[in-house]
A.B. asks: 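Supplied in structure tokens, the structure appears directly below.
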Amino acid sequence: MSAEKTNPGNFFEDFAIGQVLQHATARTLTSGDVAVYNSLYGPRFAVQSSDEFARAIGYPRAPIDDLIVFHTVFGKTVADISLNAVANLGYAECRFLAPVYPGDSLSAASEIIGLRENSNRASGVVYVRSKGRNQNGETVLEYVRWVMVRKRDPAAPAPAPVVPKPAERVDPATLGKAVPRLVTAGYDFALAGAPHRWSDYAVGEKIDHADATTLEEAEHQAATRLYQNTAKVHFNLHEQAQGQFKRRLVYGGVVISLARALSFNGLANAFHIAAINGGRHVGPCFAGDTVYAWSEVLETAELPGRGDLGALRTRLIALKNRNSATFPLRNADGGYQEGVILDLDLWLLLPR
Amino acid sequence: MSAEKTNPGNFFEDFAIGQVLQHATARTLTSGDVAVYNSLYGPRFAVQSSDEFARAIGYPRAPIDDLIVFHTVFGKTVADISLNAVANLGYAECRFLAPVYPGDSLSAASEIIGLRENSNRASGVVYVRSKGRNQNGETVLEYVRWVMVRKRDPAAPAPAPVVPKPAERVDPATLGKAVPRLVTAGYDFALAGAPHRWSDYAVGEKIDHADATTLEEAEHQAATRLYQNTAKVHFNLHEQAQGQFKRRLVYGGVVISLARALSFNGLANAFHIAAINGGRHVGPCFAGDTVYAWSEVLETAELPGRGDLGALRTRLIALKNRNSATFPLRNADGGYQEGVILDLDLWLLLPR
Amino acid sequence: MSAEKTNPGNFFEDFAIGQVLQHATARTLTSGDVAVYNSLYGPRFAVQSSDEFARAIGYPRAPIDDLIVFHTVFGKTVADISLNAVANLGYAECRFLAPVYPGDSLSAASEIIGLRENSNRASGVVYVRSKGRNQNGETVLEYVRWVMVRKRDPAAPAPAPVVPKPAERVDPATLGKAVPRLVTAGYDFALAGAPHRWSDYAVGEKIDHADATTLEEAEHQAATRLYQNTAKVHFNLHEQAQGQFKRRLVYGGVVISLARALSFNGLANAFHIAAINGGRHVGPCFAGDTVYAWSEVLETAELPGRGDLGALRTRLIALKNRNSATFPLRNADGGYQEGVILDLDLWLLLPR
């Protein structure tokens, strides 16, 4: 009788195509969450930092950082989707669809859209489309994620494989729904920290974000708990000491948030992440590592009907224990260079 | 002249039966405190997590976690009661009497209800009944605590011993005052994280909470400061390095909060601590320790006139550096097993 | 093209007398920031701790801790003034001019008021007057600071030296603007934590604050990020490991806040810092150091037209790894004693 109340997480054979999982726990985001996030990463984008700045350009108040929203929704999916994960394999088609403000209550649900057993039959890949909703039922975020999940029983039968093909990138024509029409005259570039508008960036441009942060155990644990993400690898040294890395693994979302905060230095006016086209956690990150970041502009796009905003598609690279002055990325053989830990493909919005 | 402004704390001979101490500092709890607490422990109980969830069942908004209230009130008593404590010996008759919401201002006062000098005359046991009040004068929490306090002067005369006998457990008929009548139809068990109601639990049932957290110095210090608890043993390595443990001791309330947060996995709908019947900090906890937890159902009770809620009396056990799969508790000789650090006796409320 | 978007910071030769720099990023302070600050330092001054206490004496609600305001404004100046600093040399004429409440949005600007090249021509001293303003355009804080900044090119010509002479102390007749007229009958000394009013302190009195805190990397980093202060020396171990100290340097403002919070024990009713007359960071502070503090009363002053408040000028000394029982300060040769890390000259306000 005792074991049945504990959530063991779902295993590969527990999922079925079309299944929808309502995730726990509903969560109200507050200005307190914003402050904790700020203390953990130090973001400086003016729109999220100042109610006054936000109002001057047409928001009712400062919106919550896009990545708080992402991590909150993602965190809710862990207990149902990835408690028995071997590896998080990728993201795609991630779009931010409505602004989120302090006081909004978010919940999350995921639909199983793909399943493919691995040839060793010990695990399989689960594809989900996850959506975060606010208290009014509006979808504020959606994304596709695929993750390798253990089977409870290798002998269990597997369903016919269904492998979705996520879009290589989000169509820029669909971006910008989370940003009200800007009062561009109200955007104070001095207060925002840099003069560079959308049109000041060019494809191929690389930006060394210069700053760096050394991560502590207390920091990544606090961040991960803030999102109610309970994946054991991030918290349990007693168990991890017996594992592959001998220590706690930093939640990949912490690296994303750190790199994004560092990117302010060079992308100060890219205040909104409109979409995550894809992302790979190329290497593990641990407490004690120093994280650097750099960006490359991959593409620029106008948004239909939006003279106020333009989109930059950027590659955001996080490095550990080496600086970004030489823009390290790949070796001649195509593999990632030593020290690259994150390769993220984003659509960012800037004032025009 | 210089020393008199510094608070040396009270010694055993400074207390008198019937004395009432008004504690400093009044404190307004905010959504910021909730966010910091969430980042330190990661609780996931839906009622405290989401304003929307709370409103759906009849609260005006999400109430503040019961343990934030407990630690806040407890923290205020430290400077007057236990600054010169040798050991915190026990709690009893702790009841949560009114919900606390962000914006409420709490203050605390304690009455001395028992005094008994130890035979060595170097210290004595002080029994207090402490109450936390909100800005409207309502008592939101009360509890009895006894603590061993040093004497300033071993030769000082001691009062006639008065030894109260706290109730073995809080009468369940008195529970539930901090919970409005629930709109039970509004309680969404999927959003809350588990289907198990009050009636799904049985006496004798043991629940392995499975998850675990490794504690860091920065975490327990932040938690303890949040409650304005200034006991030196938690903060001063320079002094503690000369002491019994050679390091900082984690505030026992941190272990309580960690174990409570871990207990979500198996007790997801036990959203309210209605009472703490008793508790023992069986062993010390230090940074670097990994805390696990398990629970046993000791008793179930209906609440008079409350068809919406039922009470479970549980034993909540925290372990360090060993998992809870075998429900470690006592040895054949009656002593606690290696690794047990907390034995807490609670009344929890769940929807019926 | 790539490098130009990254802010390299200003070098000595980039500054000119009379130049005004508008700093990024505008920042709304919230109850979340207050909670994070409380968790990092544990201040207990009742006016800032409790809305109810604050209302009882005439505030509309609890004001934000003066040092949060100071660090927030200071943090904004870093990217423009001191990113290439060799050393922060001093503060003066710092006055708090209006209360700041949760929800207020602050921005900061600095005027260059002095420049003096060093004889080695590799660096020079920059004097700035910085002001923090709220969303209504009111100046909430102003101060003078001087800092040694590297030259980009030692051969670059230097302007004629201009060396301001900041006041030795702020005129007490100008203090108190950030405090509404107190309803003194509403000031509850028991709730505030000590009975001592302004008139209970005498010049020459020394107060051992007794408590102490051992600092962790995660703590000082969180604090410094909360103020959006990005100075690399505080965050980048990978780079600092090659530097003078081989480790991250704690932001001096963290030591100020810690010492101020410790000073509650002995100065519980000195609830407002009205001015910082001057300050020196006498020695570096690192994670692992245990910080103690003591104060000396240097001067007392009445405030014109303010029968509600009196001012104490105090020297606030922070020590590391030695306690303050003997009030360590200077050696016979006039140098600071081993362990002194901060010597701060303050005007504090207390109820009369």
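Here is the naming used below: chain letters follow the sequence lines, and residue numbers restart at 1 for every chain.
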A.B. asks: Between A218(C), A46(C), S31(C), which shows the greatest number of heavy-atom pairs under 4.5 Å with chain B?
C.D. replies: S31(C)
A.B. asks: Do Q221(B) and E219(C) pair up side chain to side chain, a donor and an acceptor below 3.5 Å, judged on atom types alone?
C.D. replies: yes
A.B. asks: Quick one: of F189(C), W294(C), Y201(C), who has the most non-hydrogen atom pairs under 4.5 Å with chain B?
C.D. replies: Y201(C)
A.B. asks: With a 4.5 Å cut-off on heavy-atom pairs, point out which of E216(B), K232(B), H23(B), E217(B) contacts chain C the most.
C.D. replies: E217(B)
A.B. asks: At what distance, to the nearest 0.5 angstrom, does CG of L40(C) lie from CZ of R225(B)?
C.D. replies: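 Those atoms lie 6.5 Å apart.
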A.B. asks: Heavy atoms, side chains only, cut-off 4.5 Å: are Y292(C) and N236(B) in contact?
C.D. replies: yes
A.B. asks: Can you tell me which portion of A210(C) sits under 4.5 Å from chain B's heavy atoms? Options are side chain, backbone, both or neither.
C.D. replies: both
A.B. asks: Heavy-atom cut-off 4.5 Å, strictly under: side chain, backbone, both or neither for Y41(C) against chain B?
C.D. replies: backbone
A.B. asks: If I measure from the heavy atoms of chain C, does Q240(B) come under 4.5 Å with its side chain, its backbone, both, or neither?
C.D. replies: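 No part of it gets close to chain C.
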A.B. asks: Less than 4.5 Å to any heavy atom of chain B: does that hold for the side chain of F45(C), its backbone, both, or neither?
C.D. replies: backbone
A.B. asks: Can you tell which part of V34(C) gets under 4.5 Å to a heavy atom of chain B, answering side chain, backbone, both or neither?
C.D. replies: neither
A.B. asks: Would you give the length of the straight line joining atom CG of L267(C) to atom OG1 of T6(B), rounded to the nearest 0.5 angstrom?
C.D. replies: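 L267(C) CG to T6(B) OG1: 8.5 Å, rounded to 0.5 Å.
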A.B. asks: Taking the side chain as everything from C-beta on, heavy atoms only, tell me whether F264(C) gets closer than 4.5 Å to T230(B).
C.D. replies: no
A.B. asks: Under 4.5 Å from any heavy atom of chain B, what part of P195(C) do you find: side chain, backbone, both or neither?
C.D. replies: neither
A.B. asks: Would you compute the distance between atom CG of L237(B) and atom CG of L215(C) and round it to the nearest 0.5 angstrom?
C.D. replies: 11.5 Å
A.B. asks: Between OG1 of T30(B) and CG of D51(C), what distance do you get to the nearest 0.5 Å?
C.D. replies: 9.0 Å
A.B. asks: Just so I understand: if I count every heavy-atom pair under 4.5 Å between each of A287(C), G32(C), P43(C), A190(C) and chain B, which residue has the most?
C.D. replies: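 Looking at each of A287(C), G32(C), P43(C), A190(C) in turn, A190(C) comes out on top.
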A.B. asks: Tell me, side chain or backbone of A212(C) under 4.5 Å from chain B's heavy atoms, or both, or neither?
C.D. replies: both
A.B. asks: What part of A35(B) gets within 4.5 angstrom of chain C, counting heavy atoms only: side chain, backbone, both, or neither?
C.D. replies: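 Contact with chain C is absent: no heavy atom of A35(B) under 4.5 Å.
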A.B. asks: Determine the option with the most heavy-atom pairs under 4.5 angstrom with chain B, choosing from N321(C), V297(C), D289(C), T213(C).
C.D. replies: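 Sorted descending by pairs with chain B, the first entry is N321(C).
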A.B. asks: Q228(B) and S49(C): side chain to side chain contact (heavy atoms under 4.5 Å, CB included), yes or no, with the steps?
C.D. replies: CA-CA 10 Å; Q228(B) 300 177 311; S49(C) 178; 3.3 Å; yes
A.B. asks: Evaluate the side-chain proximity of E239(B) to T290(C): yes if any heavy-atom separation is below 4.5 Å, no if none is.
C.D. replies: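 No, side chains not in contact.
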A.B. asks: Heavy-atom pairs under 4.5 Å with chain B: which of G42(C), A194(C), A54(C) has the most?
C.D. replies: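 Of G42(C), A194(C), A54(C), G42(C) has the most heavy-atom pairs under 4.5 Å with chain B.
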A.B. asks: Are any non-hydrogen side-chain atoms of R61(C) and T28(B) less than 4.5 angstrom apart?
C.D. replies: no
